[in-house]
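Sequence lines set the chain letters: A, B, ... in the order given, protein chains first and strands last, and positions in each chain run from 1. Small disclaimer: the values here were computed from a predicted structure and weren't measured.
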There are 2 protein chains.
Amino acid sequence: MAIPRAAKTQRRTRIQEEKEEIILEAALDVFSVSGFRGSTIDQIAEVAGMSKPNLLYYFRTKEAMHRALIDRVLFTWLEPLRAFDANGDPESEIRSYIRRKLEMARDFPRESRLFANEMLQGAPHVEDELRGPLKDLVDEKVEVIRAWAKAGKIAKCDPYHLIFSIWSTTQHYADFDVQVRAVLGDEHSGEGRFEDAARYLEQLFVDGLRIRHS
Amino acid sequence: MAIPRAAKTQRRTRIQEEKEEIILEAALDVFSVSGFRGSTIDQIAEVAGMSKPNLLYYFRTKEAMHRALIDRVLFTWLEPLRAFDANGDPESEIRSYIRRKLEMARDFPRESRLFANEMLQGAPHVEDELRGPLKDLVDEKVEVIRAWAKAGKIAKCDPYHLIFSIWSTTQHYADFDVQVRAVLGDEHSGEGRFEDAARYLEQLFVDGLRIRHS
DNA sequence: GGATAATTTGACCGATTGGTAAACATTACA
DNA sequence: TGTAATGTTTACCAATCGGTCAAATTATCC
């Protein structure tokens, strides 16, 4: 008698690992563009090159696919923030945090859009993770920044909004890629735009625009 | 014999104006959360308090509704950038541009999310507007900023990325509102967060973080 | 008030949706 | 090699999708 769902088996077989990998990869393609509601199992099945019932053999529902995808991606996504080091030099820490986030926007734009889609829809599937693990991690880093400000190493500023501004400026290049390309024009839309962005953002965060009063 | 579609009539009646207004308002509610693909005419009809065929009497297709909505919102959305003045003082111009964009994120979050959704999906319905009117407007303001930099009024920086960074940081408070609230916690999620954000962002853009080298 | 145009709705259509059942094919392992 | 477990697919389901149609209702104007 066959066990109805792979999920119920004790050990994962080789085929399970391979196929789940393929499915999640395809799901990332689809969910990151159309969001949860706008995506269909058929689309994912086509990208994955499998039949729809075959997907549903590995993930019982569309929601289970989305859930698994978010869970897997969330950890990786927070890696740069986790690497943010209290003992490091403020300038190089902030510079490299910006760099790392920008690299992720460049190398993992689908992951960025997956989260952006989820946020736009009010985070119906991840609000707990936001209020729990994410907030905890941010709170921890906020204390680091506050200490730097208190020690006079950086200007006094709201650390939460500092983090928000790094998130938003870097992820912008993944989430709004079409807009960025359209505005920059075809000439400046090569991969070099990430280097330009990195230079600009590091300057912005370190020195600001150094506006001279007239 | 009744004219089949309101769109074909010469003059718009009072009822047409009222109902189209109600429909677009409802469509904004729905599209801004779920995106085009994820939204259904039934959802919009329910929010609007009308029957589905009644919506389709005013807008022939779901796409026509979305199109009308985007067109109406796009003009308003670019207002702050249009107000960006070449003859003004750089510092006050940038400060007030940030303020205005932040006010729009606060007062028109649905409009912000509507565009964000569209961008995430690759701007299938507005790419022409991005490459045309938007790029033209940005190019014009970019020249202003370049002139300021050349005159030594502000630091030399890439004006395109400067604009991107103002867009992303301000719209973040509309598009990622759930995340912002979750991270700030219930205590700091009141309307005061926009004032905090404004203070922080003005400081960031004017002075940067003023990092002291250790 | 009556004719006419404008508006609204219930019933319905074919296509697509998420998901199931069961037959069929393949793999792993004795 | 046989056989039981695992994996895959075809056919299908009820619900929902975007959209149509004709009939019913309401507003407009003489």
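- Geometrically, B:Arg82 engages B:Phe75 in a cation-pi contact, judged by NZ or CZ lying under 6.0 Å from the ring centre and within 45° of the ring axis.
- Atom CG in B:Leu56 sits roughly 8 Å away from atom C1' in D:dG18 (whole-Å rounding).
- Residue B:Lys52 is the one, among B:Ile15 and B:Lys52, whose nearest nucleotide of DNA chain D lies closer to the 5' end (criterion: closest heavy atom).
- Summarising the geometry, the separation between CG on A:Asp42 and P on D:dC17 is reported as 15 Å, rounded to the nearest angstrom.
- Side-chain proximity of B:Ser51 to C:dT8, C:dA11, D:dG7: nearest is C:dT8.
- In this structure, B:His66 places its NE2 atom 17 Å from C1' of D:dC17, rounding to the nearest Å.
- Atom CZ in A:Phe59 sits roughly 15 Å away from atom P in C:dT20 (whole-Å rounding).
- The side chain of B:Arg37 lies closest to C:dT17, out of D:dG19, C:dT20, C:dT17.
- Distance CD (A:Glu17) to P (C:dT27): 17 Å, rounded to an integer number of Å.
- Checking D:dG19, D:dC17, D:dT20 against every side-chain atom of B:Pro53, the shortest atom distance belongs to D:dT20.
- Residue B:Gln16 places no side-chain N or O under 4.0 Å from the OP1 or OP2 atom of C:dA6.
- Across the protein-nucleic acid pair, B:Met65 atom CE and D:dG18 atom C1' stand 9 Å apart, rounded to whole Å.
- By the 30° and 60° cut-offs, the orientation of the rings of A:His172 relative to B:Phe164 is tilted.
- B:Asp85 and B:Tyr97 form no side-chain donor-acceptor contact under 3.5 Å, judged by distance and modelled atom types alone.
- Within the 4.0 Å cut-off from OP1 or OP2 of D:dT8, not a single side-chain nitrogen or oxygen of A:Tyr57 is found.
- If you take CD1 of B:Ile41 and P of D:dT20, they are 9 Å apart, rounded to a whole angstrom.
- Following rounding to the nearest Å, A:Met50 (CE) and D:dT10 (P) show an atom-to-atom distance of 15 Å.
- Which of D:dG19, C:dG18, C:dG19 sits closest to the side chain of A:Thr40 comes down to C:dG18.
- Of the candidates C:dA6, C:dG18, D:dT8, the closest approach to any side-chain atom of A:Asn54 belongs to D:dT8.
- Under a 3.5 Å cut-off, the side chain of B:Ser96 and the backbone N or O of B:Arg99 do not form any donor-acceptor pair.
- Considering only side-chain N and O atoms, B:Lys19 lies under 4.0 angstrom from the phosphate OP1 or OP2 of C:dT8.
- Under a 3.5 Å cut-off, the side chain of A:Gln179 and the backbone N or O of A:Phe176 do not form any donor-acceptor pair.
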